[in-house]
Each structure stands twice: as structure tokens, then as C-alpha cells.
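Accompanying notes for the structure given below.
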Amino acid sequence: MNPKDVIRSLNPYQPGKSIEEVKKKYRLKKIVKLASNENPYGCSPYVESEWNRSFPKGHLYPDGYARDLRVKLSTHLGVQEENFIFGSGSDEIVQMLCRTFLEPGLNTVMAWPTFPQYRHHAKIEGAEIREVPTRDGCHDLDQMLEEIDQHTRIVWLCTPNNPTGRYINEHQLKDFLNRCPHHVLVVIDEAYYEYVTADDYPESIPLLETHKNIIILRTFSKAYGLAGLRIGYGIADPKIIQYLNAVRGPFNTTSLSQRAAILALEDQSFVRRSRNENKKNMQLLKQFCADHQLDYFDSEGNFLLIFLSKSGLEVSEQLLKHGFIVRPGELLGIERSIRVTIGSYEDMKEFQEKMLMCL
Ligand SMILES: *Cc1c(COP(=O)(O)O)cnc(C)c1O
């Protein structure tokens with residue numbers, strides 16, 4: 001049996017090591033996972049309590065249209081119901097976008113490094129990938145515009161960018177959209193939207209009025225703390241949504257994930273607390289880096305990319321032995337660095353102690 005040629009050239013996603021795996025291997029009791037940018041406070045306690053009281057019916061297919069969640073989000077964001085598409089995480093929407101818009105002979109433009117799934121799915125569709133190196137961790141928007149031609153179908157803007165944490169400000173985004181040709185779909189991946197505190201971070205939803213060629217991606221996996229349930233969404237012009245719906249599996253999100261997302265939206269104070277704690281603990285980690293002459297990229301996400309004087313693979317392996325799972329930069333395309341999710345205050349205190357032993 002032979003797969004498409006491109007399949008052999010792909011590296012399957014390497015997940016952060018699982019907690020149980022590490023516990024067993026190093027005979028540790030406690031493991032702190034700071035590798036995948038999950039919410040260290042779990043999800044809202046309100047979601048957990050309500051969930052147990054009304055567990056969705058598992059024998060019936062889910063509502064493929066996700067009507068209840070759609071209505072809820074529509075009110076929450078002030079966006080029409082027909083502007084949404086839901087996915088099994090925003091990951092699945094990235095896949096749907098590539099399936100819908102890319103094929104051999106076409107190309108797609110993205111930053112480097114950025115979220116690897118854009119490249120992964122574009123490759124599977126046989127499109128040419130044009131990667132534009134980031135400058136100081138920021139998208140080089142002028143150069144990205146330069147790369148666009150009549151065969152370009154998608155440009156990916158990840159803001160805050162994973163793994164650098166840097167963001168595109170309001171002026172930069174508007175300028176980019178005004179200069180970007182209309183035949184190109186601009187994907188604005190805002191997976192860390194809820195964590196951002198910068199004043200000049202743009203509200204992208206109003207831009208849908210003036211620009212029909214954008215789709216905004218958001219997720220319940222990060223600040224909402226529902227990574228394991230797999231639910232994310234896209235917001236775009238109904239025409240784009242209609243195209244995407246053609247490739248979407250009819251029951252691609254589950255009753256459980258839809259219900260959890262609705263409940264999560266009802267507890268905005270949890271999201272605010274998560275954002276505030278994240279900001280405080282991020283500040284402490286930055287201070288730690290400054291105190292120990294470690295460079296980092298300023299981040300508006302819930303993670304920090306820290307530069308080291310030795311291999312990130314090596315340091316992350318040492319940290320594992322102390323019970324901390326972080327992401328080596330080498331796996332993300334940045335040598336001698338690690339990406340660390342901002343954990344709780346106590347976990348970060350302990351992390352700093354262990355980190356000192358690994359430098
Ligand atoms: C985590 C992440 C996603 C994917 O999140 P899902 O769990 O699939 O919703 C998408 N984009 C970026 C930049 C991310 O960091």
C-alpha cells in the first residue's frame with residue numbers, strides 16, 4: 001500500500017510528553033506540564049459542577065450545526081449566527097481551510113517559526129509553502145506581502161504568535177489588510193486572544209465588516225481550559241463559512257464539547273482570573289530571566305520562549321527529571337531555547353528553582 005508521496009515527508013505532530021509517561025520513567029510523584037499552553041487552573045469550576053448535573057445524551061448524534069453554542073457565541077461576541085464555523089479544536093479548522101483552498105499549483109504564505117499545523121496541512125494538499133522568517137519573533141508583514149502572487153490563496157497570521165508570543169498591533173493589522181490582495185484569504189489565528197493585555201492589540205471582529213477575505217480563529221483550549229474536549233471556532237463572511245462547511249464532517253464536534261463551551265462562556269470571571277494570574281506569573285518569570293541573564297521574547301500569550309546558552313533539548317530533558325515538562329525550542333524551529341507555559345504561582349516558583357539547576 002502506498003500513501004501520497006507527501007505523506008512520507010511529513011513528521012507527525014510530536015505531542016508534549018504525557019504526565020503518566022514521565023511519572024513512570026523518572027519515578028516521580030508530581031509532574032507539572034508546561035509544554036502545551038493548557039490552562040494551569042483547569043476549567044471553570046462552574047463548568048465542572050453543571051456538567052455533572054446535565055451530562056449530554058451520548059446515544060444521539062450531536063447537533064452538527066451546534067445551534068445552542070452558536071446562539072450563545074453570537075450574543076457573546078455580537079456576531080451573526082451564520083458567521084461561525086466550529087471545529088474539533090481550531091486545529092480542525094486549519095485542516096478544513098487547507099482542504100478548501102489549497103491544491104498543487106497554489107501557494108500559501110506564513111511566518112517562520114509559527115504554529116506548525118498551517119504548514120503541515122498545506123503540505124498534505126500539495127500547495128507550495130512560503131515561509132517568511134520572523135524578525136525578533138514578530139511577523140515580517142511587508143515581506144509576507146511581497147511573497148503574495150496570483151497563485152496565493154491563504155496567508156496565516158498567528159497573533160500572539162506561537163511559539164514566540166509576539167503580536168501584531170492594530171495599526172500593523174489594518175495596514176496589512178488594506179494592502180493584501182482580495183483574492184487571498186487572511187487567517188487571523190487568535191488562539192491566545194483571551195490572554196492578551198496589550199492596549200494596541202486589535203479587535204479583529206469589526207474588521208469583518210470591511211474585509212470579506214478574513215477568518216478569525218479562536219479556541220476553548222487555552223484560556224477556557226477545555227483542551228481535552230476539542231472545540232474551537234472560526235468567524236468569517238458567510239460565503240467563506242459555506243465553502244468550509246462543504247469539507248466539514250457532519251458531526252465534527254461532540255455534544256460534550258458543545259455543552260462545555262456553552263457553560264465556559266457563562267463564567268467570564270474565570271477567564272478574567274486566568275488572564276490576571278497569567279500576567280502576574282509571566283512577570284515573575286520574566287524577572288527571573290532578567291536576573292539570570294536569560295533572553296526571552298516578550299509574550300502576550302500564556303507561554304514564554306526563553307533563550308539558553310545550551311541546547312533546549314538538553315535542558316528540557318534535565319527539567320523532566322525534576323518533574324517539569326517544557327517544550328524544547330529545537331522541536332519548534334528555534335535552537336537553544338525552551339517554550340514554557342505559564343503555570344500557577346507555586347509551580348512557577350518551583351520551576352525557577354529547578355531551572356537554576358539546569359542552566
Ligand atoms: C493551541 C493552538 C491552536 C489549536 O488549538 P485547538 O486546541 O486545536 O483549538 C491553534 N493555533 C495556535 C496558534 C495554538 O497555539
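Predicted model, so just to flag it, every value in this text is computed and none were measured. These values consider heavy atoms only, across backbone and side chains, with no hydrogens, waters or symmetry-generated copies. Along the sequence shown, residues carry numbers from 1.
Grouping Ile, Leu, Val, Met, Phe, Trp and Tyr by side-chain contacts under 4.5 Å, direct or through others, puts Y195 with Y192, F303. Residue F251 is found in a hydrophobic cluster whose other members, listed by chain and number, are Y61; membership requires side-chain heavy atoms under 4.5 Å apart, directly or through intermediates. Grouped by direct or indirect side-chain proximity (heavy atoms under 4.5 Å, Ile/Leu/Val/Met/Phe/Trp/Tyr only), Y345 sits with L284. Hydrophobic clustering, defined by side-chain heavy atoms of Ile, Leu, Val, Met, Phe, Trp and Tyr closer than 4.5 Å, groups I240 together with I85, I93, V94, M96, L97, F101, L102, M110, F115, Y118, I129, I154, W156, L185, V187, I215, L217, I241, Y243, L244, V247.
With respect to the salt-bridge test (charged N to carboxylate O, under 4.0 angstrom), the residues K123 and E125 do not qualify. Salt bridge annotation for E92-R230: absent, with no cationic side-chain nitrogen under 4.0 angstrom from a carboxylate oxygen. Between E277 and K280 there is a salt bridge, since a side-chain N of the basic residue sits under 4.0 Å from a carboxylate O of the acidic one. A salt bridge is absent between K222 and E38: the closest approach of a Lys/Arg side-chain nitrogen to an acidic carboxylate oxygen does not fall below 4.0 angstrom.
At least one test fails for R70 against the ring of F86: distance under 6.0 Å to the centre or angle within 45° of the axis.
When the side-chain contact (heavy atoms from CB on, under 4.5 Å) test is applied to D68, the partners found at least two apart in sequence or on another chain are I262. With sequence neighbours left out, the side chain to side chain donor-acceptor pair (under 3.5 Å) criterion links K174 to E170. The side chain to side chain donor-acceptor pair (under 3.5 Å) search around T114 returns N161, not counting sequence neighbours. Residues that satisfy the salt bridge (charged side-chain N to carboxylate O under 4.0 Å, His left out) test with D267, not counting sequence neighbours, are absent from this structure.
Here CG of D347 is found 9.5 Å from CG of N281. Values are rounded to the nearest 0.5 Å.
The salt bridge (Lys or Arg N to Asp or Glu O under 4.0 Å) pairs that include a residue from residues 299-308 number zero, where partners must be two or more places apart or lie in different chains. Sorted by first and then second residue, the salt bridge (Lys or Arg N to Asp or Glu O under 4.0 Å) pairs with a member in residues 188-200 read E190-R218; sequence neighbours excluded.
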Got a list of side-chain donor-acceptor pairs under 3.5 Å for residues 351-359, not counting sequence neighbours?
none

When the side chains of residues 133-141 are checked against the rest of the protein, which donor-acceptor pairs come out under 3.5 Å, sequence neighbours left out?
residue : atom : partner : partner atom : Å
T134    : OG1  : W112    : O            : 3.3
R135    : NE   : D140    : OD2          : 2.9
H139    : NE2  : C158    : N            : 3.2
D140    : OD1  : Q143    : N            : 3.2

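When all heavy atoms are compared, the tightest approach of E330 to S337 is OE1-O, 3.8 Å.
Side-chain contact check for Q287 and D291: at least one donor-acceptor pair (N or O, by modelled atom type) lies under 3.5 Å.
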